[in-house]
Amino acid sequence: MILGKYSFGMGDRFGRQGKAQLAALIEAAKQGVEITPVWNKSNREHSIIGTRPADVRREADAAVADWDWKGPYYVDADHISLTNVDGFLEASDFFTLDVAEFIGRAAPPTEVDEFVAKHKDLLGAHRIDGMDAPLEIDAVRLKVIASKYLAAIRQAGAIYRHIEAVKGPGTFITEVSMDETDTPQTPIEMFVILAAIADEWIPVETIAPKFSGRFNKGVDYVGNVEQFTREFEQDLTVIRFATRKFGLPKTLKLSIHSGSDKFSIYRPIRQAIDKFNAGLHLKTAGTTWLEEVTGLALAGGEGLAVAKEIYAKALARIDELCGPYATVIDIDRAKLPAPDAVAKWDSQRFVVTLRHNRSCPQYNPSFRQLLHVGYKIAAELGLRFTDALEKYESTIAEQVTTNILDRHVRPLFLRLEDA
Ligand SMILES: [Zn+2]
């Protein structure tokens, strides 16, 4: 099973927008660019909303059938571990093995020593195509890196073999994610990590490292774009070099998590994947939910009322809602409008405040991020919310498709326009 060169992870909190999401990739295909759709949902999202992996499978199958999509598509068990993977085994054919919490955990010293002894091939100076200076690594450094990552990669191996035992080899896509940790992995670390992954015989197709800078949910990248670009390019070169050296799948590519709305780095990413003829997996989730809120607000009437209610209730429970997302949101509370002021807003005012339009002076990233974590409120509204989704379906679908196509797929994958 091989994931295409370009693939797009689409999360959908409430499972209603699969068809509207896929419409964006159909348009991309019409423009000559094949992008494989992947519907992803993490255990965290499932538990907050009360959905199950089978719901995502149903949604994906229905969207594909509705559009008569002939290409491959996948259902991603996002950020799973040994403790929760079992619930995903039947419905998923893409597994994101999250081993971030094992980074830095001590591997048995004998295992580290064995790894270092086995991998004399990692020592010395490696000249890597596309990298200015050789990648240099000595025994001391190798041992430090192995000590930091070996337990995590062994854990990935254990999860992979657990899935493989049930589903059979070659029947699913494997991603290894290390993004939910504090420090970015360096190119040398990436090199050693890939050697360890090959040792575990994990046919990894996508790898999600932690990049420098902040990848806050639903808003733009915060950090040094030049530094990010350098890191990203180095990762591409190391991956290309390591896949050949260690016999990993030739299709192995980077996966960018919290990838939605990172507009300021899309151009450098696009230029880098073009430069190295590399693939890319972009993972998004909450951006579609925010388009649901935008569509509700835009529709006016009951839709706008529901959007305002979600905001007011989210503000009242801000600490609780932000808790699970502490490392991936930055809300300036002073910039959050009071609910009684928002109550007087018309559709337009609500939409321009929420919509991610960097050139609009009224766009408010704090407002947007609070709504991003506010999906729990919508889940609690139950039928009031889902009835509104149904009532205003066409307005919402248009927002969802436009957002994925114009703001994400176009700058990353479609023909570059002069800018
Ligand atoms: Zn992630």
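First listed ligand is number 1; within each ligand, the first listed atom is number 1.
- In the model, His372 has no side-chain atom that pairs as donor or acceptor with a side-chain atom of Asn216 under 3.5 Å.
- Restricting Asp179 to its N, O or S atoms, the one at the least distance from the Zn ion (ligand 1) is OD2.
- Within the cation-pi definition used here (under 6.0 Å to the ring centroid, within 45° of the axis), Arg105 qualifies as a partner of Phe102.
- Looking at His79, its N, O or S atom nearest to the Zn ion (ligand 1) turns out to be NE2.
- In summary, of the residues considered (Arg407, Arg214, Arg358, Arg368), a salt bridge (charged side-chain N to carboxylate O under 4.0 Å, His left out) with Asp220 occurs for Arg358 alone.
- Salt-bridge annotation for Asp93 and Arg57: present, with a side-chain N of the basic residue lying under 4.0 Å from a carboxylate O of the acidic one.
- The name of the N, O or S atom in His257 nearest to the Zn ion (ligand 1) is ND1.
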